Amino acid sequence: MSQVRVRFAPSPTGPLHIGGVRTALFNHLFAKKHGGVNILRIEDTDQTRFVPGAEEYIVESLKWVGIEFDEGVHVGGPYGPYRQSDRKSMYRQYADMLIEKGHAYFAFDTPEELDEMRERLKAGGMSAQYDAVSRMGMKNSLTLPADEVAKKLANGDAYVIRAKMPRKEEIRFEDLIRGWVSFNSSQLDDKVLMKGDGMPTYHLANVVDDHLMKITHVIRGEEWLPSAPLHVMLYRFFGWEDTMPKFSHLPLILKPEGNGKLSKRDGDRLGFPVFPLQWKDPATGEISSGYKESGYEPDGVANMLALLGWHPSDNREIFSMSELVEAFTIEKISKNGAKFDIDKAKWFNHQYLMAKDNKAIAQELQAGIEAKSWNFDLEYCTKVVALMKEKVSFAKEILTAGSFFFEKPTLFDEKVVQKKWNHTIASQLVDFAKEIENLTEFKAAELETTFKTFAESKQVNPGQLMQPLRLAVSGQAGGPPIFEMLELLGKTTVVERIEWAQKNLVSVSQ
RNA sequence: GGCCCGUUCGUCUAUCGGUUAGGACAAGCGGUUUUCAUCCGCUAAAGAGGGGUUCGACUCCCCUACGGGCUACCA
């Protein structure tokens, strides 16, 4: 097999949806697996849908999840340009080639005439499309006299170029995921190849570009499956069938609750991001949340996405990018759509957080710490991370769930206050505070033995005292191992907080 | 409506004709941590329905049902 060349070809009409990221990921994995080339091509043939910033967003998003490209808009390469609007002048000759061969034709119908045709066909119970049957009743170079066509073209009358689909022909191709798929050309319409504005449609552009860029495998979403036979026909028309890429149509990512593919709107409605990075709509100013800003670890997101619709035959769940590359095969991609599961995404994130270096996490938290005007050195923050990370799904939660490491708690868990706090306990804790003030080694082990002997001397169950102690110091019912927590907080802070709580914490049940 | 694709625990999935149908998330229960959100253990949980083919079908074929995608001078 010649060198594998794949492409990810999004259109810059807005932020890249998580399903698009997965498509890009599968392309990347496949390319890397086979020592091939991964290309980023921008499909911006619809100028009316251009959204400023979208292209940059796509590049940044993919970079964030660890997807690299060997060729593309942002890195260049020998088959450029990689933006279809920059390739505009290349397409017309291919459309002309098809016309010469009799596989395409000029069509002069106005939008109104097209609507009329569709209405008429629908009323007659026929399929409402511009096809081998209906085209004979329309205004095109197949029905109009040659001189009139020439005159219209010379006049600059508006026209499009349409593919001339054969009336009845079986079109079969082998999809690497689904096996043989067949269509009959009688069901296909004469798709527009060149639009009135001189731009090609996706169909023409993607076939021409894939051919010119020597793409060997097209890995794209299932929504493209219905137009695949058109593309196959185009390869046939051009005489490129021998080098036609192999197709793989990926199953869709579905909404978690019910049905339908996951869409832009679902994310914030259901409380999770559908975009890799936060996106601000330049037109409306509306903000859609992103995985990055929500606190997800990029390698965890890649791992989670890879397992949505693909799995090797073992029982592993955690894969680094290189392990994904190693294990990846197209044949192991499942055929059916996958519902997105936010709980699993969180679980993956926790796994990656646990595996991550504490100091690195602490460093990433610095901005958040500074924003709160907390003043602690990196060493201290690293220790906080070490204690807190197993308790949270996201690194940034360390700053909220573990805020007591940085400032005196202001909120105290009401339930615990009511259930476990009273004057006796409070004064006992103050006594305990006095004892630990004498400790020369303010370490978890010493604290624990001191605490236990103290409880014994007061003839109380250590458990009765432990939660109030935690409450006084952190305000919370739960948290990291208590004596390690006290050690990190330090003698002065712990004693101060116990004394403060004794004076200020009141249970109404008293 | 038409065309196409799909259908294993609630969810993501393993199984490529012969298994006690496995794993993970979530759930429930229990344990550890004399607290807890972590951790550990256990439990419950599935082949859409109907026909074939076969000694044998979750696996192959057909039909039905259900789900999804597409049906633009959008990608």
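These figures come from a predicted structure and were not determined experimentally. A, B, ... follow the sequence lines: proteins, then strands. Residue 1 opens every chain. Side chains are part of it too, since the values below use all heavy atoms of this structure and drop only hydrogens, waters and symmetry mates.
- Straight-line distance from the CH2 atom of A/Trp310 to the P atom of B/rU15: 12 Å, rounded to whole Å.
- With a cut-off of 3.5 Å on both pairing distances, the Watson-Crick or G-U wobble partner of B/rA65 is B/rU7.
- With B/rG23, B/rG6, B/rC73 as the candidates, the nucleotide lying closest to the side chain of A/Leu114 is B/rC73.
- Rounding to the nearest 0.5 Å gives a distance of 10.0 Å between NE2 of A/His103 and CG of A/Leu234.
- A salt bridge links A/Arg316 with A/Asp314: the distance from a Lys NZ or Arg NE/NH1/NH2 to an Asp or Glu carboxylate oxygen falls below 4.0 Å.
- Of the candidate nucleotides B/rC39, B/rC4, B/rA75, B/rC4 has the atom nearest to the side chain of A/Leu225.
- Summary of the strand contacts: A/Phe183 and A/His203 both lie near RNA chain B, and taking for each the nucleotide with the nearest heavy atom, the more 5' one is attributed to A/Phe183.
- A salt bridge is absent between A/Glu487 and A/Lys383; no separation between the charged side-chain nitrogens and carboxylate oxygens falls under 4.0 Å.
- Whole-Å rounding puts the A/Asp190 CG to B/rC73 P distance at 11 Å.
- In this structure, OG1 in A/Thr201 is found 9.5 Å from CD in A/Gln84, a value given to the nearest 0.5 Å.
- Ion pairing between a basic and an acidic side chain is recognised when a charged N comes within 4.0 Å of a carboxylate O; A/Asp131 and A/Arg135 show no such pairing.
- Remark: B/rG1 base-pairs with B/rU71. Criterion, Watson-Crick or G-U wobble with two distances under 3.5 Å.
- For the segment residues 46-58 of chain A, residues with any heavy atom less than 4.0 angstrom from an atom of RNA chain B are, sorted by number, A/Asp46, A/Arg49.
- Heavy atoms of A/Lys391 sit under 4.0 angstrom from at least one base atom.
- When atom types are taken as modelled, the side chain of A/Asn27 and the backbone of A/Phe8 share no donor-acceptor pair closer than 3.5 angstrom.
- Both cation-pi conditions hold for A/Lys152 and A/Phe108: the charged atom is under 6.0 angstrom from the six-membered ring centre and inside a 45 degree cone around its axis.
- In this structure, CG of A/Leu387 is placed 15 Å from C1' of B/rC39, rounded to the nearest angstrom.
- Salt-bridge annotation for A/Glu43 and A/Arg87: absent, with no side-chain N of the basic residue lying under 4.0 Å from a carboxylate O of the acidic one.
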Treating primed atoms plus P, OP1 and OP2 as sugar-phosphate and everything else as base, which nucleotides of nucleotides 25-32 of chain B get B, S or - for protein heavy atoms under 4.0 Å?
BS------
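- Distance, A/Trp180 CH2 to B/rC60 C1': 19 Å, rounded to whole Å.
- Residues A/Asn358 and A/Thr382 bring no donor and acceptor atom of their side chains to less than 3.5 Å of each other.
- At least one side-chain nitrogen or oxygen of A/Asn336 sits closer than 4.0 Å to the OP1 or OP2 atom of B/rU8.
- Listed candidates were B/rA72, B/rG23, B/rU13. Nearest to the side chain of A/Arg118 is B/rA72.
- Atom CE of A/Met138 is separated from atom CZ of A/Arg162 by 7.5 Å, given to the nearest 0.5 angstrom.
- Heavy atoms of A/Arg316 sit nowhere under 4.0 angstrom from any nucleic acid atom.
- B/rU32: no Watson-Crick or G-U partner with both key distances under 3.5 Å is found in any strand.
- Using a 4.0 Å heavy-atom criterion, one finds that A/Lys261 contacts the sugar-phosphate atoms exclusively.
- Atoms CD (A/Glu448) and C1' (B/rU33) sit 10 Å apart, rounded to a whole Å.
- Both A/Met354 and A/Thr45 sit near RNA chain B, but only A/Met354 has its closest nucleotide nearer the 5' end.
- Between the P atom of B/rC74 and the CG atom of A/Leu230 lies a distance of 14 Å, rounded to the nearest Å.
- The nucleotide whose nearest atom lies closest to any side-chain atom of A/Gln476 is, among B/rA37, B/rG68, B/rA75, B/rA37.
- The closest donor-acceptor contact from the side chain of A/Ser474 to the backbone of A/Gln476 lies under 3.5 Å.
- The base of B/rC12 does not come close enough to the side chain of A/Lys339 for any donor and acceptor atom to sit less than 3.5 Å apart.
- The CD atom of A/Gln418 sits 21 Å away from the P atom of B/rU35 (whole-angstrom rounding).
- At a threshold of 4.0 angstrom between heavy atoms, the contacts of A/His350 are confined to the sugar-phosphate backbone, with no base atom among them.
- Remark: B/rC58 base-pairs with no nucleotide in the shown strands. Criterion, Watson-Crick or G-U wobble with two distances under 3.5 Å.
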